[in-house]
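Scroll down for the structure; my scribbles are underneath it.
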Protein chains: 2
Amino acid sequence: MRLSKTSEYALRILSFMINSDVEIFSANYLIKTLNVPDKYLRRLMTNLSKKGFVKSVQGRDGGYTFAKNADSIYLSDIIDAVEGIDKYRGCILGFSSCSDDNPCALHNKYASIRDQLITFLSTTTISELKSNEALKF
Amino acid sequence: MRLSKTSEYALRILSFMINSDVEIFSANYLIKTLNVPDKYLRRLMTNLSKKGFVKSVQGRDGGYTFAKNADSIYLSDIIDAVEGIDKYRGCILGFSSCSDDNPCALHNKYASIRDQLITFLSTTTISELKSNEALKF
DNA sequence: TTTAAATGCTACACGCAAGTGGTATTTAAT
DNA sequence: ATTAAATACCACTTGCGTGTAGCATTTAAA
């Protein structure tokens with residue numbers, strides 16, 4: 001799997017936010033803490049806010065908070081919003097006709113692993129990322 | 001998951017070759033059969049030949065054959081030769097310090113799936129790709 | 001109302017994977 | 001020797017994910 005850098009950033013940020021009891025997170029704070037490039041993070045958060053995952057507060061003392069309950073946000077939702085998740089569903093050899101009924105030579109072993117990943121991503125919520133461990137970069 | 005296009009091509013080609021009893025495969029034949037761009041396939045096969053996986057025969061009636069027994073070529077060998085495989089080993093959130101001892105919030109569930117993939121790729125050989133199914137593109 | 005601290009937007013730059021074009025080289029058949 | 005069928009090489013182009021720069025806008029506090 002190898003998520004895109006952007007998905008990686010997004011999940012890193014949201015996982016950090018859910019593990020911190022700060023009420024609002026400024027871009028600068030996230031940038032410094034999580035090692036994400038300045039303008040890139042801002043653009044990403046603006047996108048996530050347009051998609052309804054976070055809420056952005058403009059102006060002085062502004063920043064980002066969750067827009068909805070983190071236990072209703074699945075990892076796959078974020079990945080799909082940020083880079084699209086369908087590409088993770090395809091045949092490892094790129095055969096468009098490959099399926100359970102018409103498997104390529106790698107399908108049987110590969111599909112099971114791939115499906116575990118998809119299932120993991122689409123059943124795990126952001127709030128399940130609460131952890132005792134302090135993640136520092 | 002989500003190999004590079006180049007790895008995908010490489011595995012597609014080798015898996016086709018092992019499933020066919022042709023003695024030598026011309027670039028043109030592979031290109032037409034497997035839907036890989038002309039010059040791109042040639043360059044790829046030249047690389048695989050320099051790495052010792054296939055043998056290229058120049059001149060009239062030339063083409064490509066396996067340079068060594070396909071049961072000594074692991075999928076991970078090809079992927080590593082073509083795009084490098086280390087990137088598939090990293091933390092899903094990009095934390096370089098993430099490990100079993102110092103896990104990120106996703107590590108425990110993710111690492112197991114990722115390791116299954118790595119294990120699959122590094123224990124499966126090209127000759128195991130022999131299949132009854134005719135793979136056509 | 002001015003200032004400072006924040007996000008939003010648009011356009012551009014960079015790097016690398018993917019793909020293309022043209023020519024050179026090799027080799028078997030005639 | 002000549003020709004035709006094949007691979008090899010080199011440089012260029014394209015597309016896209018990633019990253020950067022500058023200015024505009026919003027808003028709370030003084």
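Within every chain, numbering begins at 1; the chains are lettered A, B, ... in the order of the sequence lines, protein sequences first and strands thereafter.
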Think [X] has a side-chain N or O under 4.0 angstrom from the OP1 or OP2 of [N]?
{"X": "A:S56", "N": "C:dG8", "value": "yes"}
{"X": "A:R42", "N": "C:dT7", "value": "yes"}
{"X": "A:S26", "N": "C:dA6", "value": "no"}
{"X": "A:Y64", "N": "C:dG8", "value": "yes"}
{"X": "A:T6", "N": "D:dT18", "value": "yes"}
{"X": "A:Y9", "N": "D:dG19", "value": "yes"}
{"X": "A:K50", "N": "C:dC9", "value": "yes"}

- Item | Closest nucleotide among C:dT7, D:dT20, C:dG19 to the A:Q58 side chain |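 Comparing C:dT7, D:dT20, C:dG19 against the side chain of A:Q58, the answer is C:dT7.
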- Task: Using a heavy-atom cut-off of under 4.0 Å over every strand shown, decide if B:K5 touches base, sugar-phosphate, or nothing.
- Result: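 Sugar-phosphate: the residue B:K5, judged by heavy atoms under 4.0 Å, touches backbone atoms but no base.
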- At under 4.0 Å between heavy atoms, what does B:G59 touch on the DNA or RNA strands: base, sugar-phosphate, or nothing?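 It contacts base atoms.
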- Message: From CG of A:L44 over to C1' of C:dC9, roughly how many Å is that when rounded to an integer?
- Response: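 The distance from CG of A:L44 to C1' of C:dC9 comes to 15 Å, rounded to the nearest Å.
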- Earlier contact from the 5' end, DNA chain C, for A:D61 and B:P37: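 Closer to the 5' end of DNA chain C: A:D61.
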- Quick one: does B:R43 reach the base of C:dT20 with a side-chain donor-acceptor pair under 3.5 Å?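 Yes, a donor-acceptor pair under 3.5 Å.
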- Message: Could you check whether any side-chain N or O of B:N19 sits under 3.5 Å from a backbone N or O of B:L129, counting only pairs where one atom can act as donor and the other as acceptor?
- Response: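 Between the backbone of B:L129 and the side chain of B:N19 there is a qualifying donor-acceptor contact (under 3.5 Å).
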- Query: B:D71 side chain to B:S127 main-chain N or O, any donor-acceptor pair under 3.5 Å?
  - Reply: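 Such a contact is absent between B:D71 side chain and B:S127 backbone.
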- Task: Determine whether A:Y64 and A:V57 fall in the same hydrophobic cluster, where Ile, Leu, Val, Met, Phe, Trp and Tyr are linked whenever their side-chain heavy atoms lie under 4.5 Å apart.
- Result: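 Different clusters: A:Y64 never reaches A:V57 through Ile, Leu, Val, Met, Phe, Trp or Tyr contacts under 4.5 Å.
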- Task: Might you point out which heavy atoms bring A:Y88 and A:I79 nearest each other, and give the distance in Å?
- Result: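 Shortest heavy-atom contact: CE1-CG2, 4.2 Å.
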- With B:R42, which of B:N28, B:L30, B:V36 fulfils side chain to side chain contact (heavy atoms under 4.5 Å, CB included)?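 Of the listed options, the one satisfying the test is B:N28.
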- Please tell me which of B:R60 and A:D38 maps to the more 5' nucleotide of DNA chain D, matching each residue to the nucleotide holding its nearest heavy atom.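 Result: B:R60.
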